[in-house]
Every structure is written in C-alpha cells, then in structure tokens.
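Working notes, structure below.
First the proteins, then the strands, lettered A, B, ... as listed; each starts at 1.
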Amino acid sequence: EAGVTQFPSHSVIEKGQTVTLRCDPISGHDNLYWYRRVMGKEIKFLLHFVKESKQDESGMPNNRFLAERTGGTYSTLKVQPAELEDSGVYFCASSQDWTGPYEQYFGPGTRLTVT
Amino acid sequence: ILNVEQSPQSLHVQEGDSTNFTCSFPSSNFYALHWYRWETAKSPEALFVMTLNGDEKKKGRISATLNTKEGYSYLYIKGSQPEDSATYLCASKRGGTSYGKLTFGQGTILTVHP
C-alpha cells in the first residue's frame with residue numbers, strides 16, 4: 001500500500017511569489033490534514049478535510065493560505081504571496097476516520113524556503 | 001497545562017542503554033495520545049495511539065504508558081541501538097469539534113552512540 005506522498009520535496013521561492021504544494025493521501029482515506037513545522041518549533045495543525053469539505057481550518061495562519069481538495073482525493077495548499085515567515089516544512093497526513101483513535105499517516109513533507 | 005510538552009529536549013545515550021522520555025498534555029477533554037518516530041527528511045512513523053488511562057503498549061524494544069488523569073505519557077526504549085536515533089514526537093487529540101486535530105510537543109531528539 002502506497003503511503004502519503006507530497007510534491008515537491010523542496011521549494012525555494014522569493015518573497016512575494018506563489019507556491020502550490022500537493023498531497024496525495026493513502027487510497028481510501030477520506031480524512032486529510034495539513035500541518036506545518038517552522039524551524040525550531042513544534043509541528044502545528046493547519047486544517048482538516050473530510051472528503052472535499054473543510055472540517056476544521058482553525059490553524060490556517062491568514063488568507064494568504066488556500067487549501068483545496070476537489071473531488072475528495074488529492075489536496076493542494078497554495079501560499080500567495082509568500083512571506084519570509086512561511087518558511088518551514090509542510091506535512092500532509094491522512095487517516096481512515098477522525099472520530100476514533102485512528103492513526104494519522106504522515107508524508108515526508110515539503111520543505112519551503114522563502115528568500 | 002495547556003500545551004503538549006516533552007522532556008528532555010535531547011538525549012545522548014550509549015548503545016545498549018535503556019532510556020525514557022516524558023510527554024505532558026492537557027488532561028481535560030482528553031481523547032487520545034499519539035507517539036511518532038521521526039527521522040529528518042522522512043515521514044514521521046506512527047508508533048502508538050493510546051486512549052485509556054493505565055494503557056500500556058509495546059512494539060519490539062519500545063513501549064509506552066499513559067496516565068490520562070494527571071496528563072502524562074512515558075516512552076521507553078530498552079537496549080538502545082544506533083538505528084533508534086531519531087526525534088520522538090508525542091501529540092494529543094482532544095474531544096469536541098476539533099476531533100481530528102493533533103497538538104504536538106517539540107519532540108525529544110535521541111542520539112544513540114555506538
């Protein structure tokens with residue numbers, strides 16, 4: 001069974017540019033999550049999709065971040081325009097369900113550097 | 001306690017030593033406690049999901065305990081090996097509208113020297 005995949009693995013962009021990150025969850029997992037780790041700090045929740053609907057987007061930092069999951073399969077996270085403080089590792093995770101003690105399976109992350 | 005806190009921040013041990021780390025989390029509205037093992041540039045690997053007070057789980061040389069009343073969990077590694085070197089993360093899940101959200105600690109960085 002393929003795990004959670006993320007693309008690209010690394011991205012270096014200049015302040016003010018746009019970047020789109022992609023996540024492909026484990027097949028059959030309706031729940032998809034985005035998290036972010038800024039250097040030196042803990043991994044922080046951004047948002048949670050159930051199929052194509054946003055269940056919880058309380059962690060999205062501001063309106064420069066837009067997450068979509070059209071068709072309930074893969075998801076994209078767009079940052080526009082990027083700022084220096086957006087640098088970090090963006091993780092995606094997926095799970096079978098969200099109301100039980102189900103494991104969240106993580107991808108390897110996309111390392112974003114904004115210069 | 002309002003956040004998830006892990007201690008120590010880092011740990012250096014010799015091969016063969018046994019070691020343990022602590023995760024403290026909010027005990028109110030507790031739902032589940034997750035442990036992950038993470039090597040940089042790889043996917044965090046799920047170790048345990050624990051829900052019941054007094055729960056103990058084991059996977060090979062790694063085990064974990066849970067105390068939901070006082071809000072802490074211990075992770076133990078018996079006979080550490082160099083391949084155990086990684087960052088160990090714990091994350092709590094609370095009940096209510098944010099069921100899916102995991103709140104992470106900063107992690108414990110373990111280095112096992114041959």
### Message
What I'd like to find out is whether the side chain of A:Glu85 reaches to under 4.5 Å of the side chain of A:Pro61, using heavy atoms alone.
### Response
no

### Task
Answer whether the closest heavy-atom distance between the side chains of A:Lys44 and A:Arg37 falls below 4.5 Å.
no

### Query
Quick check: are there more than 12 heavy atoms from other residues, nucleotides or ligands sitting under 6.0 Å from CD of B:Gln9?
no

### A:Tyr74, OH atom: more than 12 neighbouring heavy atoms under 6.0 Å
no

### Summary
Max heavy-atom pairs within cutoff under 4.5 Å with chain B, candidates A:Asp97, A:Ile43, A:Leu46, goes to A:Ile43

### Pick from A:Gly40, A:Ala93, A:Gly107 with the largest number of heavy-atom pairs that fall under 4.5 Å of chain B
A:Gly107

### Contact class of A:Phe91 relative to chain B, heavy atoms under 4.5 angstrom
side chain

### Query
Which bit of B:Leu33 comes within less than 4.5 Å of chain A, counting heavy atoms only: side chain, backbone, both or neither?
neither

### Task
For the pair A:Phe106 and B:Phe104, name the ring-plane relationship: parallel under 30°, tilted 30 to 60°, perpendicular over 60°.
perpendicular

### Query
Where does the angle between the aromatic ring planes of B:Tyr76 and B:Tyr74 fall among parallel (under 30°), tilted (30 to 60°) and perpendicular (over 60°)?
perpendicular

## Note on the structure
Residues pairing under disulfide bond (SG atoms under 2.5 Å apart) where one sits in residues 10-100 of chain A, two or more places apart or in two chains, turn out to be A:Cys23-A:Cys92

### Task
Anything in residues 42-58 of chain B with a heavy-atom distance to chain A below 4.5 Å? Please list those residues in order.
B:Lys42, B:Ser43, B:Pro44, B:Ala46, B:Val49, B:Thr51

### Message
Tell me whether A:Ser87 contacts the main-chain N or O of A:Val114 through its side chain, where contact means a donor paired with an acceptor under 3.5 Å.
### Response
yes

